[in-house]
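Since the model is a prediction, treat every value here as computed from it, not as a measurement.
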Amino acid sequence: MTSYAQEQVTPYDHQREKSEQVEEMFDHIAHSYDQLNTTLSVGIDKLWRRKAIKTLQAYRPQRLLDVATGTGDFAILACRKLKPQQIIGIDISEGMMAVGRKKVEQAGLESVIRFKREDCTALSFDAESFDAITVAFGVRNFDGLDKGLKEMHRVLKQGGRLVILELSSPTRFPMKQLYRFYSRTVMRWVGRLISKDDSAYTYLPQSIEACPQGEQMAGIIHRAGFEEVKYEQLTFGICTLYTATK
């Protein structure tokens with residue numbers, strides 16, 4: 001398996017597995033995660049999610065797997081827009097999913113959405129179990145990008161769709177310079193202020209910069225077995241939408 005720079009970027013130290021640290025970090029900031037998302041993205045993340053879900057509407061998937069589901073925002077929106085029979089949201093952070101379960105209960109969607117603790121690099125599901133798989137802002141946290149993508153390929157049905165949303169670094173002037181200042185200064189300051197976790201919002205911009213993006217990420221997705229891999233940069237390259245088929 002290829003080793004990527006993102007796998008060397010960790011929230012706290014280099015002595016423990018990245019997945020263990022990511023779990024600890026998200027458990028710690030779960031209480032403030034939704035507020036931080038809205039504040040740091042100025043609400044644009046909601047538009048990105050809607051665009052990602054729209055790519056699935058023509059396929060009418062009935063069984064979805066939402067990887068790195070966090071507090072369940074993507075799963076809830078997908079449930080409302082796509083009307084599937086079932087969505088399983090998986091994550092390694094029980095703290096994040098605890099927040100998600102409350103939101104799902106408040107929305108009255110418990111009969112459709114359920115959460116399960118899973119490591120994306122070793123999924124417990126049978127092969128060809130899902131019509132579609134989504135990952136919103138979680139790929140950069142994978143401790144084993146190739147393994148995670150190959151596992152998603154394994155549990156996706158033939159003809160099924162993969163949709164990935166991931167934060168990315170703009171490459172053109174002046175957005176490149178503006179975003180670098182924002183991510184390294186404003187993002188860290190606001191993140192520390194709200195979450196009370198100094199490391200988490202130092203890790204965030206570092207993980208974005210280290211994560212493969214654009215053509216490189218599309219190539220990695222293709223090598224994992226996916227076909228028809230496409231990508232689209234959103235909001236001047238701050239976010240990238242990837243779609244693929246098995």
Side-chain angles (χ1 to χ4, degrees), residues 1 4 6-7 18-20 22-23 25-27 30 33 37 45 48-49 52-53 55-56 59 61-79 81-82 84 86-101 103-104 112-157 160-168 207-208 211-213 217-218 220-221 224-226 229 231 239-246:
M1 295 289 179
Y4 301 102
Q6 72 168 62
E7 291 158 19
K18 176 173 179 173
S19 58
E20 178 186 338
V22 168
E23 178 181 5
M25 178 188 74
F26 280 115
D27 280 347
Y33 183 79
N37 254 4
D45 61 308
W48 297 336
R49 289 187 180 93
I53 289 168
T55 67
L56 291 173
Y59 300 93
Q62 292 304 299
R63 194 160 191 253
L64 279 78
L65 179 66
D66 187 36
V67 177
T69 193
T71 62
D73 279 351
F74 195 94
I76 291 170
L77 187 60
C79 184
K81 297 291 185 181
L82 300 175
Q86 184 184 48
I87 297 178
I88 300 177
I90 65 167
D91 207 288
I92 59 173
S93 170
E94 287 288 359
M96 295 284 277
M97 289 189 292
V99 175
R101 289 186 183 98
K103 288 158 67 173
V104 166
V112 180
I113 302 173
R114 69 180 178 90
F115 296 92
K116 185 179 182 183
R117 189 187 184 283
E118 290 269 343
D119 180 344
C120 67
T121 63
L123 298 172
S124 66
F125 308 105
D126 292 336
E128 302 202 359
S129 294
F130 299 95
D131 301 307
I133 297 177
T134 58
V135 195
F137 315 117
V139 164
R140 69 180 181 278
N141 300 315
F142 284 13
D143 190 5
L145 179 57
D146 287 333
K147 284 184 178 179
L149 288 168
K150 287 185 176 181
E151 273 294 271
M152 288 189 283
H153 184 271
R154 180 183 67 81
V155 302
L156 187 63
K157 290 180 181 179
R161 299 286 293 177
L162 172 70
V163 177
I164 295 173
L165 270 178
E166 190 50 86
L167 296 173
S168 48
S207 67
I208 295 169
C211 186
Q213 63 183 59
M217 179 63 85
I220 294 168
I221 295 169
F226 292 95
V229 183
Y231 70 93
C239 180
T240 305
L241 170 63
Y242 303 89
T243 58
T245 304
K246 178 175 177 179

Asker: Do the non-hydrogen side-chain atoms of Val155 and Val67 ever get within less than 4.5 Å of each other?
Answerer: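 Side-chain contact under 4.5 Å: no.
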Asker: Measure the CG-CH2 distance between Leu165 and Trp48 for me, rounded to the nearest 0.5 Å.
Answerer: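 That separation rounds to 8.5 Å.
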Asker: What heavy-atom pair brings Ala244 and Ile221 nearest, and what distance separates the two atoms?
Answerer: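 Residues Ala244 and Ile221, closest heavy atoms: CB-CG2, 4.0 Å.
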Asker: Please name the pair of heavy atoms, one in Gln213 and one in Ile208, separated by the smallest distance, quoted to 0.1 Å.
Answerer: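 Looking at all heavy atoms of both residues, the closest pair is OE1-O, 4.3 Å.
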Asker: If you define the side chain from C-beta out and look only at heavy atoms, does anything of Met217 sit under 4.5 Å from Tyr242?
Answerer: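 Yes - at least one pair of side-chain heavy atoms lies under 4.5 Å apart.
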Asker: Do you know the tightest heavy-atom contact between Ala78 and Pro84?
Answerer: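 Shortest heavy-atom contact: O-CD, 3.9 Å.
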Asker: Is there a side-chain contact between Leu162 and Lys246 in this structure, where contact means two heavy atoms from C-beta onward sitting under 4.5 Å apart?
Answerer: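 Side-chain contact under 4.5 Å: no.
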Asker: So, taking the atom named OG1 in Thr121 and the one named CE in Met152, what distance separates them when rounded to the nearest 0.5 Å?
Answerer: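 Reported value, rounded in 0.5 Å steps: 10.5 Å.
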Asker: Just so I know, are the side chains of Glu94 and Glu23 near enough to count as touching, which here means a heavy-atom distance under 4.5 Å?
Answerer: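 Counting from C-beta outward, Glu94 and Glu23 never come under 4.5 Å.
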Asker: Taking ring-ring contact (aromatic ring centres under 6.0 Å, His included) as the test, write out the residues that go with Phe130, two or more places apart.
Answerer: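 So Phe130 forms a ring-ring contact (aromatic ring centres under 6.0 Å, His included) with Phe125.
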Asker: Check Arg154 against Leu123 and note the closest heavy-atom contact, atom names and distance.
Answerer: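 Looking at all heavy atoms of both residues, the shortest contact is NH2-O, 3.1 Å.
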Asker: Please determine if Lys18 and Glu7 form a salt bridge, counting it only when a charged side-chain N lies under 4.0 Å from a carboxylate O.
Answerer: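 So Lys18 does not pair with Glu7 through a salt bridge.
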Asker: Tell me yes or no: between the side chains of Asp91 and Ser93, is some donor less than 3.5 Å from an acceptor?
Answerer: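 No donor-acceptor contact under 3.5 Å links the two side chains.
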Asker: Could you walk me through whether Ile220 and Asp146 satisfy the side chain to side chain contact (heavy atoms under 4.5 Å, CB included) test, starting with their C-alpha distance in whole Å, then the side-chain angles of each, then the deciding distance to 0.1 Å, before giving a yes or no?
Answerer: CA-CA 7 Å; Ile220 294 168; Asp146 287 333; 3.6 Å; yes
Asker: Within the 4.5 Å heavy-atom criterion, are Phe74 and Leu77 side-chain neighbours or not?
Answerer: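 Of all side-chain heavy-atom pairs linking Leu77 with Phe74, none is under 4.5 Å.
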Asker: Is it true that Arg63 and Glu128 have a side-chain N and a carboxylate O under 4.0 angstrom from each other?
Answerer: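 A salt bridge is absent here (no side-chain N lies under 4.0 Å from a carboxylate O).
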Asker: Working to the nearest 0.5 Å, report the span between SG of Cys211 and CG of Leu167.
Answerer: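 Rounded to the nearest 0.5 Å, the SG-CG separation comes to 9.0 Å.
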Asker: Has Gln62 got a side-chain atom pairing as donor or acceptor with Asp131's backbone, closer than 3.5 angstrom?
Answerer: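 Here the side-chain-to-backbone pair does not exist.
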Asker: Using a 3.5 Å distance criterion without hydrogens, assess whether the side chain of Lys116 forms a donor-acceptor pair with backbone atoms of Ile88.
Answerer: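 A pair under 3.5 Å: no.
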Asker: Would a 4.5 Å heavy-atom cut-off, applied to side chains only, mark Arg49 and Phe137 as touching?
Answerer: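 Yes - at least one pair of side-chain heavy atoms lies under 4.5 Å apart.
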Asker: A side-chain contact here means heavy atoms from C-beta on lying under 4.5 Å apart; do Asp143 and Glu20 qualify?
Answerer: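 The answer is no; the side chains never approach within 4.5 Å.
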Asker: Who are the ring-ring contact (aromatic ring centres under 6.0 Å, His included) partners of Phe226, not counting sequence neighbours?
Answerer: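 If we apply the ring-ring contact (aromatic ring centres under 6.0 Å, His included) test to Phe226, skipping adjacent residues, the hits are His153.
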Asker: Does the pair Ile90 and Arg117 meet the rule for a side chain to side chain contact (heavy atoms under 4.5 Å, CB included), with working shown?
Answerer: CA-CA 6 Å; Ile90 65 167; Arg117 189 187 184 283; over 6 Å; no
Asker: Of the options Asp66, Ile53, Thr134, Val135, which is the one that meets Val163 in a side chain to side chain contact (heavy atoms under 4.5 Å, CB included)?
Answerer: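 Between Val163 and the candidates, side chain to side chain contact (heavy atoms under 4.5 Å, CB included) is satisfied uniquely by Thr134.
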Asker: List the atom of Asn141, the atom of Gln6, and the distance in Å for their closest heavy-atom pair.
Answerer: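 Closest pair (atom of Asn141, atom of Gln6, distance): N-NE2, 4.4 Å.
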Asker: Could you state the interatomic distance from CE (Met96) to CZ (Phe26), rounded to the nearest 0.5 Å?
Answerer: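 It is 5.5 Å, given to the nearest 0.5 Å.
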Asker: If you look at every heavy atom in Thr240 and Ser168, which pair is closest and at what distance?
Answerer: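 So the two residues come closest at OG1-OG, 2.8 Å.
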Asker: Nearest 0.5 Å, what's the CD1-CG distance between Ile133 and Leu65?
Answerer: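 One finds 5.0 Å between CD1 of Ile133 and CG of Leu65.
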Asker: Tell me, with the steps shown, if Lys103 and Asp73 meet side chain to side chain contact (heavy atoms under 4.5 Å, CB included).
Answerer: CA-CA 9 Å; Lys103 288 158 67 173; Asp73 279 351; 2.5 Å; yes
Asker: Has the side chain of Glu166 got a donor or acceptor atom that lies under 3.5 Å from a matching backbone atom of Pro212?
Answerer: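 No, Glu166 side chain to Pro212 backbone: no donor-acceptor pair under 3.5 Å.
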Asker: Taking the side chain as every heavy atom from C-beta outward, state whether Gln86 and Leu64 have any atom pair closer than 4.5 Å.
Answerer: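 No, their side chains stay 4.5 Å or more apart.
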